[in-house]
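In what follows, a single structure is set out as structure tokens and then discussed.
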Amino acid sequence: MIYLDNSATTRPHPQVIETVRRAMESYYGNPSSLHQKGVEAENVLKQARKVAAQYLGCKESEVIFTSGGTESNNTAIKGIAFQYQNRGKHIITTQVEHPAVYDVCKQLEGLGFTVTYLPVDREGRVSVEAVQKAMRPDTILVSVMHVNNELGTIQPILEIGQWLKQFPKVLFHVDAVQGIGKVPLRIKDSGIDLLSVSAHKFYGPRGVGILYKREGLIIHPLMMGGGQEGGVRSGTENLPAIAGMAKAIRILEELGSVEMIRLQKLNQQLREGIATIKGCMLNTPEANTAPHIMNLSVPGVKAEVLLHALEEKGFLISTKSACSSKVNEPSRVLTAIGIERDCALSSLRISLGRENTAEDIQQFLKALEECVSVLRTYIKQQPAPAHRK
């Protein structure tokens, strides 16, 4: 099978698996314990935090370990909302956020907060001007994702963050889950106060992530208990997963920009190939997009049917965000950019990874063309539904 669903999750790197195994076997002490095994575990935790901080370009004290992107997003958004609700109850986000941001904002609306969901253009990109117009005296938080998980569109984080610097009491959160290791982002230059990361998107373990929290910023903790992670996220640390994530980060550093360039070439090969297949419509814009995501529609063909037809030929892809792919509704992201319901229901997401090659893409394009041709022929042969009198 050729795996082309790397935006949903990546296959853990063999060295990451070995690191997790070794940590479970050797560093089983509680990092909060005072004995030797506790101290050994604490040292592993400190080293992992140092690796993460160096990669993100921040201080070690600004790295909070979480269970992943969803927890990081919830902790950031609710943490700000509950901590600063006396300042105001207005939040700004976009119509194309991941459910781990969008649904959190919907939940906060039920708790008395007001949320502005900014529209995006045909490419799925929000404008700085839209953020500016939405600002109110009671705005306390702006939350905009770095890379869209369905389209691959890169948002103008630097421009938004720099503009927000004139409002020190309005905090800026970025969901960077899809961008880490693929699209560079400088936290400090972009004026980011909180940033979410998930290890399983860059060949690390599942169930572990990072919340970057700017030094000095106080947020309301969601997890109370033993006071771990600076009191922001209590609970005994998942040391094996954290060690595995640190190893995955080290591998990202070793690869540098070489992998990004390679993915860009594969992405271009994919785009050019899809453009020649009759019945296929590209949804991912050409410019300012991540190198690993490609979204397309085949109007008239149900996405799930095409997905399984491709699976039978040995290719694994997804219909939309893996977190919402089992919901039989058109993608909220695609409808937000103006794509009609029929096209949105027929959309597929191909997401590239380290193990994919040019030969994989060539084989996939051949299989896609064959499947689309067969399914479109089948649809044409179906009798039209009888009109009721």
Side-chain angles (χ1 to χ4, degrees), residues 1-21 52 55 65-74 97-103 145-152 175-183 195-211 238 240-252 255 259-260 262-263 266-267 270 284 289-295 303-304 307-308 310-311 314-327 331 333 347-357 360-361 364:
M1 299 294 280
I2 293 175
Y3 186 73
L4 294 166
D5 195 19
N6 290 278
S7 285
T9 193
T10 53
R11 181 180 179 182
H13 192 283
Q15 291 179 33
V16 168
I17 296 171
E18 175 57 24
T19 298
V20 172
R21 186 200 64 76
Y55 183 76
F65 292 125
T66 69
S67 66
T70 296
E71 186 189 335
S72 293
N73 285 337
N74 272 262
E97 296 299 307
H98 187 277
V101 167
Y102 190 87
D103 290 352
M145 71 195 328
H146 181 209
V147 171
N148 185 269
N149 55 298
E150 292 188 40
L151 290 169
D175 175 353
V177 167
Q178 284 294 344
I180 294 293
K182 288 106 176 174
V183 182
L195 178 129
S196 304
V197 175
S198 184
H200 76 103
K201 305 294 186 180
F202 52 89
Y203 311 92
R206 296 179 198 181
V208 64
I210 294 168
L211 173 64
N238 185 354
I242 290 169
M245 176 168 62
K247 185 62 179 179
I249 291 172
R250 284 192 182 279
I251 295 168
L252 280 183
L255 291 172
E259 178 62 8
M260 285 185 277
R262 193 187 73 85
L263 287 175
L266 292 183
N267 191 295
L270 190 59
T284 295
T289 58
H292 64 301
I293 297 174
M294 183 63 67
N295 192 294
E304 191 176 341
L307 180 148
H308 289 306
L310 285 164
E311 185 174 3
F315 298 91
L316 301 176
I317 59 171
S318 64
T319 52
K320 47 184 174 179
S321 167
C323 299
S324 55
S325 60
K326 292 181 180 178
V327 180
S331 159
V333 172
S347 70
L348 298 172
R349 181 185 68 181
I350 302 117
S351 43
L352 309 169
R354 280 183 200 155
E355 296 180 358
N356 298 134
T357 64
D360 291 344
I361 303 305
F364 171 76

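These figures come from a predicted structure and were not determined experimentally.
Distance CG/Asn73 to OG/Ser196: 3.5 Å, rounded to 0.5 Å. With values rounded to the nearest 0.5 angstrom, Asp360 atom CG is found 11.5 Å from Leu270 atom CG. Of the inter-residue distances, the one linking Leu316 atom CG with Ile2 atom CD1 reads 9.5 Å to the nearest 0.5 angstrom. Between the CG atom in Asn238 and the OG1 atom in Thr66 there is a gap of 10.5 Å [rounded to 0.5 Å]. To the nearest 0.5 Å, the span separating CG on Asp5 from CD on Glu311 amounts to 10.5 Å. Summarising the geometry, atom CD1 belonging to Ile317 is positioned 12.5 Å from atom CG belonging to Asn6; distances are rounded to the nearest 0.5 Å.
Of all the heavy atoms in Tyr203 and Gly353, the pair that sits closest is OH-CA, 3.2 Å. Minimum heavy-atom separation, Gly244 to Pro205: C-CD, 3.7 Å. Across Ala100 and Thr70, no two heavy atoms sit closer than the pair CB-OG1, 3.8 Å.
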- Query: Run the side-chain contact (heavy atoms from CB on, under 4.5 Å) check on Tyr55 and Ile180 step by step: do they pass?
  - Reply: CA-CA 10 Å; Tyr55 183 76; Ile180 294 293; 4.0 Å; yes
- Begin with the C-alpha distance, continue with both residues' side-chain angles, and end with the deciding distance and a verdict on side-chain contact (heavy atoms from CB on, under 4.5 Å) for Asp175 and Asn149. CA-CA 10 Å; Asp175 175 353; Asn149 55 298; over 6 Å; no
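Remark: side-chain polar atoms of Gln178 are not paired, donor with acceptor, to backbone N or O of Gly152 under 3.5 angstrom. Side-chain N or O atoms of Lys201 include one that pairs as donor or acceptor with a backbone N or O of Ser7 at under 3.5 Å. Checking side-chain atoms of Thr319 against main-chain N and O of Leu348 turns up no donor-acceptor pair under 3.5 Å. Remark: the backbone N or O of Lys247 is not paired with any side-chain donor or acceptor of Gln15 at under 3.5 angstrom. A donor-acceptor pair under 3.5 Å is absent between the side-chain atoms of Asn295 and the main chain of Leu151, judged by distance alone. Between the side chain of Ser198 and the backbone N or O of Gly209 there is no donor-acceptor pair closer than 3.5 Å.
The closest side-chain heavy-atom distance from Met245 to Val16 is not below 4.5 Å. By the 4.5 Å heavy-atom criterion applied to side chains, Ile249 and Phe202 are counted as neighbours. A 4.5 Å side-chain heavy-atom check between His146 and Val183 finds at least one atom pair inside the cut-off. Residues Thr289 and Asn267 have side chains not in contact (no heavy-atom distance under 4.5 Å, counting atoms from C-beta outward). Residues Leu352 and Ile361 form a side-chain contact, since some pair of their non-hydrogen atoms from C-beta on lies under 4.5 Å apart. Using a 4.5 Å heavy-atom cutoff, the side chains of Arg349 and Ile293 are in contact. Side-chain contact check for Lys182 versus Val147: every heavy-atom pair is 4.5 Å or farther apart. By the 4.5 Å heavy-atom criterion applied to side chains, Leu310 and Phe364 are counted as neighbours.
A search for salt bridge (Lys or Arg N to Asp or Glu O under 4.0 Å) contacts involving Arg354 returns nothing, not counting sequence neighbours.
Arg262 CZ: more than 12 foreign heavy atoms inside a 6.0 Å radius. Other residues, nucleotides and ligands contribute only 12 or fewer heavy atoms inside 6.0 Å of the CZ atom of Arg11.
A side chain to side chain contact (heavy atoms under 4.5 Å, CB included) with Val197 holds for exactly one of Ile210, Val177, Val208; it is Ile210.
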